[in-house]
Number of protein chains: 2
Amino acid sequence: MMKRAETSKKKTRIQAINQQRILDAALAIFSQFGFRGATLDQIAQHADLSKPNVLYYFRGKQDIYVTLMQQTLDQWLQPLVELDPTGDPVDEILKYALTKLEISRQNPQASRLFANEILHGAPMVKSVLEGDLKSLVDEKTSIIQRWIDEGKIIAVDPYHLIFMIWAITQHYADFDIQVTAVLGNSHSKDKCFDDAQSTITSILVNGLKTN
Amino acid sequence: MMKRAETSKKKTRIQAINQQRILDAALAIFSQFGFRGATLDQIAQHADLSKPNVLYYFRGKQDIYVTLMQQTLDQWLQPLVELDPTGDPVDEILKYALTKLEISRQNPQASRLFANEILHGAPMVKSVLEGDLKSLVDEKTSIIQRWIDEGKIIAVDPYHLIFMIWAITQHYADFDIQVTAVLGNSHSKDKCFDDAQSTITSILVNGLKTN
DNA sequence: CAAAAATTTGATCATTTGATAAGATTTTAA
DNA sequence: TTAAAATCTTATCAAATGATCAAATTTTTG
């Protein structure tokens, strides 16, 4: 009888399938109900497994959550990594914003999972925020600062520019219900994202350029 | 023996005090842990009352939550009401954004309470969003649209402009932990909000004006 | 195939938690 | 001051839920 995951490297076929199934279900459930609001029963049912069977693959509820959160964080950080110091400043910043928006469109559940974690004080990922995330942002803000010093874009605090981009783009995933309610149920989600894209582009391009 | 609150109008002195105490405690607890994450024990303890005593004033956990959410919603909508069609367009929009930011600064708990509700699909306030909120936004966007038609500000979708303002301003309350982590613990909260204010002002003023 | 390993299940626990009931205590009003 | 109303407490409950275990079943391996 082999201890699952933990230290061992080789996953069996069934392990690979079922662990992924559990993580998929967990994303759906945790993102909708939060950590405490979600139950193992819900996750098990959504994954089409019995509850003890779920606990065969993960130590416990928190283990599932943490695993899922780690995956999500990687995905979340990636686009910022790609901000290119040699590109055109406005283009690069706009590209970053629109990439984030696209991720919000395509994976709103992950966005909400992350938002919920932060909203409640990041009990599980605080150290990642203060470590990897801060380092990455420090690096990229210094690029933006250089652009500002060279007069390529308007002088704004680079940190807050990034916060602004995060805020706007995640808003469409995290506050989807509100956005939909305000726009009326007639609007299609696609049109909403297209309009969002135009608005972000206008304000950023116009707002960043020097006079 | 009088049934509390419900239909009666007159509150006793003790009722007024204790109901407010419970709501204050509930704001602190619900905003940090969400509806399901919060427990009556926590709220009771925070309010310095016994659990059954808390339930003497409110039918149940959900009753506390709904009452609190109604209060919060009113407060949340107010600033938009004051957007003045006769004022200077850029000034009015900027004033709205900065007022929202100020509310984020002064009452971050209410912001997080609301954010959590929306994030989880607005189970308790969906109808308010589709009713009062939508009506108010419809009214104000038509004002903004008029400004656009008159060439007073750049042509952007007014709805998404408002979403953008909501997103940015609430970000500082809702994602406070992340903002603080990225800026480093050395930064004071006051400086953070001051810089946020400058950034929002720059981008909006620059971003909205017509060329 | 047969033994070993891995997977799955049913039964069951201990805790947490929202809620209630009955009675004691305090406050209010006549 | 005294009776009624309001407030508060102690004890307790039932349901939900995360977790465990032993045994049954399936899959893999030699």
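Naming: A, B, ... by sequence-line order, numbering from 1 per chain.
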Q.
Show every side chain to side chain donor-acceptor pair (under 3.5 Å) that has at least one partner inside residues 64-78 of chain B, sequence neighbours left out.
A. B:Y65-B:E117, B:W76-B:Q170, B:Q78-B:E82

Q | Those residues that, when tested against B:D195, pass salt bridge (Lys or Arg N to Asp or Glu O under 4.0 Å) (two or more places apart) | A | B:K191

Identify the pairs formed between an N or O of the protein and an N or O of nucleotides 14-20 of chain D at a distance under 3.5 Å, and give each distance.
residue: D:dT17; atom: OP1; partner: B:R36; partner atom: NH2; Å: 2.1
residue: D:dG18; atom: OP1; partner: A:A38; partner atom: O; Å: 3.3
residue: D:dG18; atom: OP1; partner: A:K61; partner atom: NZ; Å: 3.0
residue: D:dG18; atom: OP2; partner: A:L40; partner atom: N; Å: 2.8
residue: D:dG18; atom: N7; partner: A:K51; partner atom: NZ; Å: 3.1
residue: D:dA19; atom: OP2; partner: A:K61; partner atom: N; Å: 2.9

Identify every side-chain donor-acceptor pair in residues 172-180 of chain A under 3.5 Å, counting partners at least two apart or on other chains, and give the distances.
residue: A:Y172; atom: OH; partner: B:H160; partner atom: ND1; Å: 2.7
residue: A:D174; atom: OD1; partner: A:S111; partner atom: OG; Å: 2.7
residue: A:D176; atom: OD1; partner: A:T180; partner atom: OG1; Å: 3.4
residue: A:D176; atom: OD1; partner: A:K189; partner atom: NZ; Å: 3.1
residue: A:D176; atom: OD2; partner: A:K189; partner atom: NZ; Å: 3.3
residue: A:T180; atom: OG1; partner: A:D176; partner atom: O; Å: 2.9

Q: Mind checking salt bridge (Lys or Arg N to Asp or Glu O under 4.0 Å) for B:D190 and listing every partner two or more places apart, or none if nothing turns up?
A: B:R105

Taking only distance into account, with no hydrogens and no angle test, what donor-acceptor pairs under 3.5 Å do side-chain atoms of residues 118-133 of chain A form with protein atoms, sequence neighbours excluded?
residue: A:H120; atom: ND1; partner: B:Q32; partner atom: O; Å: 3.3
residue: A:H120; atom: NE2; partner: A:N116; partner atom: OD1; Å: 3.3
residue: A:H120; atom: NE2; partner: B:N116; partner atom: OD1; Å: 3.2

Q. With sequence neighbours left out, what residues match B:S50 under side chain to side chain contact (heavy atoms under 4.5 Å, CB included)?
A. B:P52, B:N53

Q. Is there a side-chain polar atom (N or O) of A:Y57 under 4.0 Å from OP1 or OP2 of C:dT8?
A. yes

Q.
What's the separation between atom CG in A:N18 and atom CG in A:L23, rounded to the nearest 0.5 Å?
A. 11.0 Å

Q: Look at the side-chain N and O atoms of A:N53 and state whether any lies under 4.0 Å from the OP1 or OP2 oxygen of C:dT7.
A: no

Q) Is the phosphate of D:dC8, meaning OP1 or OP2, less than 4.0 Å from a side-chain N or O of B:S50? A) no

Identify the pairs formed between an N or O of the protein and an N or O of nucleotides 24-30 of chain D at a distance under 3.5 Å, and give each distance.
residue: D:dT28; atom: OP1; partner: A:R13; partner atom: NE; Å: 3.4
residue: D:dT28; atom: OP1; partner: A:R13; partner atom: NH2; Å: 3.2

I'd like a table of donor-acceptor pairs (distance under 3.5 Å, sequence neighbours excluded) in which one partner is a side-chain atom from residues 24-31 of chain A, with atom names and distances.
residue: A:D24; atom: OD1; partner: A:Q20; partner atom: NE2; Å: 3.0
residue: A:S31; atom: OG; partner: A:L27; partner atom: O; Å: 2.7
residue: A:S31; atom: OG; partner: A:A28; partner atom: O; Å: 3.2

